Amino acid sequence: METANERFEKIFLETNEKISKFVLFRVAQTKDAEDIVQEVYLRFYQRVLCKGKEIADPLSYLFEMSRNELKEYYRFKKNAPVLFQDQELNLLENIPDDSDVELEAINRYTIDEIWQAVTNLDAMDQKILGGKFRFDMTFKEISESTGWSENSIKTRYYRALAQLRKCLKEEEA
Amino acid sequence: MSNMKMAFERNLLNPQTTMDHIQRRSMKRRPKWLWATSLVATLVLAAIAYGVYQVPTTFISVDINPSIVLSTNLFDRIIHVETLNEDAQLLLANLNLKGMTAEKAVEVLAEEADKMGYIDLLAEEDAILVTLYAPSADSEAKLQRLTERIQTRFEERKFAINVMTQGVTAESKELATQFDVSLGKILFVDKLVEKFPELGSADQLYNLPVREIMSLVHATEGLPVMNQAQLEQKKQEMIQKEEQIKNQEQNGNGQPNNQQNKNSDVNAVQTQDQTKDQTQLQTQDQTKAQDQTCTPDQDQDQTQDQTRDQLSKPDTSGGTGTNGNGS
């Protein structure tokens with residue numbers, strides 16, 4: 001018979017990625033996303049599993065808990081997801097051909113240096129890069145999560161990479 | 001895996017970080033029974049502390065003309081105030097002595113008595129008699145300290161006050177054991193019976209609660225029933241009258257100090273420190289000193305008459321007396 005801890009670990013591994021992606025694009029800062037995800041799973045563990053409650057569909061249950069947690073977040077922290085005016089990024093800029101070069105340049109730096117530079121980026125840039133590199137989301141998926149157009153997401157993404165490389169160069173200097 | 005990806009994997013919504021957080025928070029949870037136990041323990045300690053605070057350890061009788069008995073706790077704070085005559089009730093109107101230190105309470109009483117004309121604190125021959133009753137032989141040192149504190153407070157103000165400590169006699173100890181009550185209570189009841197012989201035998205009173213004993217005292221003395229407003233009003237009138245008299249004296253109208261204001265039943269008695277196992281001789285000494293002018297019973301009647309004359313008020317209705325404010 002499974003213990004509560006074993007059940008939790010199993011459910012956590014199965015649902016963590018989806019819940020994290022769901023929350024990431026609905027908060028203002030990436031740090032807030034971490035806090036909310038931790039709080040959701042903590043409550044799930046304490047109030048459901050530790051009390052021996054049976055949940056038929058843990059993923060749906062966790063999504064519901066996440067929505068509730070986000071409502072509280074919006075209410076008390078007065079933080080709504082940043083609503084970019086998509087018209088601002090309506091310019092169909094040419095996707096630079098050297099995007100892979102940017103990434104290659106960035107990868108020469110250490111993990112800590114890269115992350116330090118990432119924390120200095122705009123919150124939305126962090127989330128887009130996070131969606132790509134942490135959760136391997138496509139531009140389309142990120143577009144659906146944020147409500148922006150795919151073009152806007154791409155533009156923002158490449159601008160973020162350029163900014164990141166610039167920051168790392170400046171740090172190195 | 002590129003460094004870029006690893007940077008995000010490690011630092012953004014890392015599953016291991018989330019698990020660690022949950023484990024830490026889960027371990028911090030205290031079982032419910034521990035909360036309940038803590039709450040019960042807190043309540044019990046609070047009740048014990050309250051009980052200890054309320055236990056009287058020393059009785060202090062203050063005799064001016066108003067006679068008042070103060071009970072203090074372990075911390076020398078006033079917890080009960082009992083009045084032994086009508087003047088005491090008036091004196092304590094709108095006064096709250098509870099929580100005060102013993103020496104502060106005696107000082108406040110002296111000031112109020114002065115304002116109301118019961119004593120002239122600047123006259124050397126008058127005095128306030130303060131008697132401290134030791135509940136046990138062990139508290140003699142404490143009594144001594146309390147005596148010194150009271151004397152010091154009044155020395156600084158140049159008031160004439162005599163402080164006596166009533167030590168524990170062998171007979172008192174035996175009575176305390178026999179009746180299974182504190183020594184302080186034995187001494188307190190003995191004083192009451194000495195002051196109010198109508199109460200009867202002290203043996204019948206030792207086991208009664210103090211409040212019940214005081215009710216008997218008030219009933220015996222026929223203290224009038226007055227509500228708080230009446231007491232305060234009467235007190236205010238006495239204070240105003242006393243101020244008028246003092247103003248007249250200051251203006252040099254040629255009238256001598258008003259002897260009627262003085263408490264002639266309390267005389268300057270030499271300050272004595274009573275030691276253990278003294279016999280009834282000390283009681284006789286007190287009586288002798290007081291007999292230099294008049295007896296306690298005569299004193300009481302005399303003073304009450306004087307007070308009534310000053311006020312020129314009709315007699316209030318008789319009945320069971322009630323404690324003044326602060327009891």
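Note that this is a predicted model, so its numbers are computed, not measured. Just so we're on the same page: letters track the sequence lines, and every chain starts at 1.
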Under 4.5 Å heavy-atom distance to chain B, tell me which part of [X] shows up: side chain, backbone, both or neither.
X      : answer
A:Y41  : both
A:L164 : side chain
A:T119 : neither
A:N16  : side chain
A:E113 : neither
A:V23  : neither

Looking at side-chain heavy atoms only, is the closest gap between A:E104 and B:M4 below 4.5 Å?
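Contact flag for A:E104/B:M4 side chains = no.
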Just wondering, do B:M19 and A:F8 contact through their side chains at under 4.5 Å, heavy atoms?
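Yes, at least one pair of side-chain atoms sits under 4.5 Å.
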Which atom pair, heavy atoms only, marks the closest approach of A:R134 to B:K5?
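Looking at all heavy atoms of both residues, the closest pair is O-NZ, 4.1 Å.
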Heavy-atom closest contact (B:R10 atom, A:D112 atom, distance):
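Smallest heavy-atom distance, with atoms named: NH1-OD1, 4.4 Å.
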According to the interplanar angle, ranging from 0 to 90°, do the rings of A:W115 and B:F8 count as parallel (below 30°), tilted (30 to 60°) or perpendicular (above 60°)?
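Ring orientation of A:W115 relative to B:F8: perpendicular.
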Any donor and acceptor pair, going by atom type alone, linking the side chain of B:N3 with main-chain N or O of A:I111 inside 3.5 Å?
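Pair absent, no side-chain N/O of B:N3 close to backbone of A:I111.
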Are there more than 12 heavy atoms of other residues, nucleotides or ligands under 6.0 Å from atom CD of A:E17?
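Yes.
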Can you establish whether the number of heavy atoms outside A:E9 located under 6.0 Å from its atom CD is more than 12?
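No, because the 6.0 Å sphere around CD of A:E9 holds 12 heavy atoms or fewer from other groups.
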Out of A:V37, A:L24, A:L129, A:L13, which one racks up the most heavy-atom pairs below 4.5 Å with chain B?
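Max contact count across the listed options: A:L129.
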Any idea which of B:L13, B:T18, B:T17, B:L12 has the most non-hydrogen atom pairs under 4.5 angstrom with chain A?
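Result: the option with the highest number of such pairs is B:L13.
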